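Note that ligands are numbered from 1 as they come in the structure, with each ligand's atoms numbered from 1 the same way. When a residue number appears, it is its place in the shown sequence, counting from 1. Computed from a predicted model, the values in this text were never measured in an experiment.
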Amino acid sequence: MSDCIFCAIVDGDIPGRIVHETEHTLAFLDANPLAPGHTLVVPKEHHARLDEVPADAAADLFAAVNDLVPRVESAVDADATNVGINDGPAAGQEVDHVHVHIVPRFEGDGGSPIHAVAGERPDLSDEELDDIEASISG
Ligand code: 5GP
Ligand code: ZN
């Protein structure tokens, strides 16, 4: 897409600190890192939402994440990692090109677990849980 910053990095039109590349996937350092080594992993083809990424590109994307997490941890001597996707604006997605965040974590870094991203916790009845289970499983 012409006005997409991540497409511009994929196309080499703007610089990126590229750390990994495959047929379908590119990984580069986040320009405003939450931690040293904060890496973004993107499908090369422009898709706004995760469910729009074709299966082969999605498999390549997550294989790259799997490969990169230990490499990033090792590069910055991290103790752990949060892996996350802001999938849609209501979830905090600002760049509308699918990207996986790899955020290295360090003992005592003052951050939070991924459980901190959502709003107030719902108090769901067994019936509501049954409905959700049935709806997702189809
Ligand atoms: P989102 O909020 O969409 O999940 O995250 C977008 C991420 O893209 C942010 O962490 C932001 O720092 C990063 N970002 C925005 N513009 C650029 C850019 O031009 N280059 C790189 N490398 N990262 C960017
Ligand atoms: Zn794009």
Side-chain angles (χ1 to χ4, degrees):
M1 234 175 75
S2 58
D3 61 348
C4 172
I5 197 91
F6 291 171
C7 282
I9 292 174
V10 168
D11 293 341
D13 292 337
I14 66 164
R17 295 186 182 278
I18 292 166
V19 297
H20 186 73
E21 181 168 12
T22 69
E23 184 187 354
H24 294 293
T25 304
L26 193 70
F28 47 88
L29 298 185
D30 194 293
N32 297 292
L34 297 172
H38 183 175
T39 297
L40 301 174
V41 192
V42 309
K44 287 182 174 176
E45 202 172 82
H46 184 94
H47 300 285
R49 296 292 301 268
L50 188 58
D51 70 343
E52 296 165 7
V53 180
D56 57 344
D60 197 68
L61 180 75
F62 286 101
V65 171
N66 189 272
D67 183 59
L68 277 161
V69 166
R71 285 166 52 190
V72 172
E73 276 192 18
S74 163
V76 297
D77 204 18
D79 299 304
T81 302
N82 286 120
V83 174
I85 300 174
N86 296 324
D87 190 31
Q93 183 179 5
E94 291 184 354
V95 177
D96 80 337
H97 181 132
V98 168
H99 49 284
V100 182
H101 291 264
I102 295 176
V103 183
R105 297 295 305 272
F106 303 84
E107 295 289 351
D109 64 11
S112 303
I114 214 152
H115 300 72
V117 300
E120 259 180 49
R121 286 196 183 208
D123 186 16
L124 297 168
S125 66
D126 284 346
E127 197 174 52
E128 288 170 312
L129 289 167
D130 288 345
D131 286 348
I132 294 167
E133 178 188 353
S135 178
I136 295 173
S137 63

Atom of A91, atom of N86 and distance for their closest heavy-atom approach | O-OD1, 3.2 Å
Does D109 use its side chain to pair, donor to acceptor, with the backbone of F106 at less than 3.5 Å?
-> yes
Side-chain atoms of residues 32-41: list all donor-acceptor pairs with protein atoms under 3.5 Å, sequence neighbours left out, distances to 0.1 Å.
{"unit_1": "H38", "atom_1": "ND1", "unit_2": "L34", "atom_2": "N", "d": "2.9"}
{"unit_1": "H38", "atom_1": "NE2", "unit_2": "H101", "atom_2": "ND1", "d": "2.9"}
{"unit_1": "T39", "atom_1": "OG1", "unit_2": "G37", "atom_2": "O", "d": "2.7"}

Write out the protein residues near ligand 1, meaning a non-hydrogen atom under 4.0 Å from one of its atoms, in order of chain and number.
-> I5, F6, I9, F28, L29, D30, A31, N32, L40, N86, G92, Q93, E94, V95, H99, H101
Report yes if the side chains of D96 and H46 come closer than 4.5 Å at any heavy-atom pair, otherwise no.
-> yes
Between K44 and E21, does at least one N-O distance fall below 4.0 Å, as a salt bridge requires?
-> yes
Under 2.8 Å from the Zn ion (ligand 2), which protein atoms of type N, O or S occur, listed by chain and number?
-> C4 SG, C7 SG, H46 ND1, H97 ND1
Considering only heavy atoms from C-beta outward, does the side chain of T81 approach that of V103 to under 4.5 Å?
-> no
Can you give each donor-acceptor pair under 3.5 Å made by side-chain atoms of residues 130-138, sequence neighbours left out, with the distance rounded to 0.1 Å?
{"unit_1": "S137", "atom_1": "OG", "unit_2": "E133", "atom_2": "O", "d": "2.8"}
{"unit_1": "S137", "atom_1": "OG", "unit_2": "A134", "atom_2": "O", "d": "3.4"}

Is the shortest side-chain N to carboxylate O distance from D79 to R105 below 4.0 Å?
-> no
Considering only heavy atoms from C-beta outward, does the side chain of E128 approach that of S125 to under 4.5 Å?
-> yes
